[in-house]
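Please read these numbers as outputs of a predicted model, since none were measured by experiment.
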Amino acid sequence: MLFACALLALLGLATSCSFIVPRSEWRALPSECSSRLGHPVRYVVISHTAGSFCNSPDSCEQQARNVQHYHKNELGWCDVAYNFLIGEDGHVYEGRGWNIKGDHTGPIWNPMSIGITFMGNFMDRVPAKRALRAALNLLECGVSRGFLRSNYEVKGHRDVQSTLSPGDQLYQVIQSWEHYRE
């Protein structure tokens with residue numbers, strides 16, 4: 001598998017993941033997390049922050065910092081809970097990334113899933129198309145780089161915990177995604 005991914009990358013056929021905004025670019029605080037995820041991961045859990053939305057790089061970088069501040073300073077976690085955060089500016093913001101276990105869905109699901117959150121509240125509205133496209137590109141990136149199984153399953157946060165997340169409207173959207181499984 002690694003040989004095939006390396007060969008595809010050399011030939012330029014692997015999906016590029018260069019659209020992910022690294023932690024350094026959004027000025028994340030250093031992570032204190034160390035629990036690693038095993039690859040390839042089978043599950044992806046989609047959530048929303050249920051807070052402020054953002055629609056420009058400046059506002060999304062600030063919102064990512066706000067979420068990280070809340071998780072680290074108010075909840076006492078080792079970092080922002082999510083592996084990736086999606087902004088309505090159409091960018092993917094690196095949280096814990098592909099390799100570190102998140103704190104997004106509880107002790108059963110965290111060790112076996114990637115947590116992707118959409119910044120904003122999506123109870124009454126759908127995220128911008130560019131945000132949805134960014135999330136789907138991220139999933140393709142994960143498969144092409146060997147971080148996600150090719151037969152990965154997308155779940156809504158509410159499918160695995162008692163919550164309204166990822167919001168009614170976003171939940172309706174992800175239910176139409178090819179890899180969604182209840």
Side-chain angles (χ1 to χ4, degrees), residues 1-2 4-9 11-23 25-26 36-49 53-54 57 60 63-64 67 80-106 108-120 122 126-161 163 165-182:
M1 177 71 171
L2 282 176
C5 288
L7 183 60
L8 288 172
L11 295 173
L13 300 175
T15 302
S16 169
C17 303
S18 61
F19 57 86
I20 298 172
V21 179
R23 294 172 60 88
E25 196 168 312
W26 61 268
R36 299 189 63 79
L37 278 172
H39 297 116
V41 175
R42 178 176 177 180
Y43 299 104
V44 174
V45 178
I46 304 292
S47 64
H48 73 163
T49 61
F53 78 97
C54 61
C60 288
Q63 189 58 24
V67 173
V80 63
Y82 314 106
N83 299 92
F84 298 95
L85 301 93
I86 308 291
E88 288 195 274
D89 62 345
H91 291 108
V92 175
Y93 294 85
E94 179 186 25
R96 295 189 187 190
W98 296 112
N99 296 312
I100 303 295
K101 178 181 74 68
D103 277 320
H104 47 83
T105 319
I108 294 172
W109 287 90
N110 290 336
M112 60 181 177
S113 64
I114 292 289
I116 300 173
T117 196
F118 284 73
M119 292 187 277
F122 300 102
V126 173
K129 286 182 182 176
R130 60 188 177 186
L132 297 169
R133 192 168 38 250
L136 292 171
N137 289 340
L138 177 65
L139 296 173
E140 286 181 29
C141 164
V143 170
S144 74
R145 303 282 297 277
F147 296 120
L148 292 176
R149 292 183 184 185
S150 59
N151 64 339
Y152 70 90
E153 296 180 25
V154 169
K155 300 210 174 275
H157 193 184
R158 64 177 63 178
D159 293 327
V160 297
Q161 275 192 322
T163 179
S165 179
D168 292 344
Q169 299 303 308
L170 178 54
Y171 186 61
Q172 191 171 9
V173 169
I174 68 167
Q175 287 178 303
S176 71
W177 290 1
E178 177 184 356
H179 288 267
Y180 174 80
R181 303 290 182 275
E182 197 169 332

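Checked against side chain to side chain contact (heavy atoms under 4.5 Å, CB included), His179 has the following partners two or more places apart in sequence or in another chain: Tyr152, Val154. For Glu94, there are no salt bridge (charged side-chain N to carboxylate O under 4.0 Å, His left out) partners, not counting sequence neighbours. Scored by the salt bridge (charged side-chain N to carboxylate O under 4.0 Å, His left out) test, Glu153 finds Arg42, Lys155 as partners (sequence neighbours excluded).
Two residues are said to be in side-chain contact when any heavy atoms from C-beta on lie closer than 4.5 Å; Phe118 and Ile46 meet this criterion. With contacts defined as side-chain heavy-atom distances shorter than 4.5 Å, the pair Leu37/Ile114 qualifies. Side-chain atoms of Asp159 and Tyr180, non-hydrogen and from C-beta on, do get closer than 4.5 Å to each other.
Listed for the Thr49 side chain is a donor-acceptor partner under 3.5 Å among the backbone atoms of Gly120. Side-chain N or O atoms of Asn83 include one that pairs as donor or acceptor with a backbone N or O of Gly97 at under 3.5 Å. A donor-acceptor distance shorter than 3.5 angstrom exists from the side chain of His39 to the backbone of Trp98, with no hydrogens or angles considered.
The aromatic rings of Trp109 and Tyr43 lie perpendicular to each other, with more than 60° between the two planes, well past the 30° mark. The aromatic rings of Phe122 and His48 are tilted relative to each other, their planes meeting at an angle between 30° and 60°.
The two residues Pro40 and Gly146 come nearest to each other via the heavy atoms CB-O, 3.6 Å. Here the shortest heavy-atom pairing between Ser150 and Val143 reads CA-CG1, 4.0 Å.
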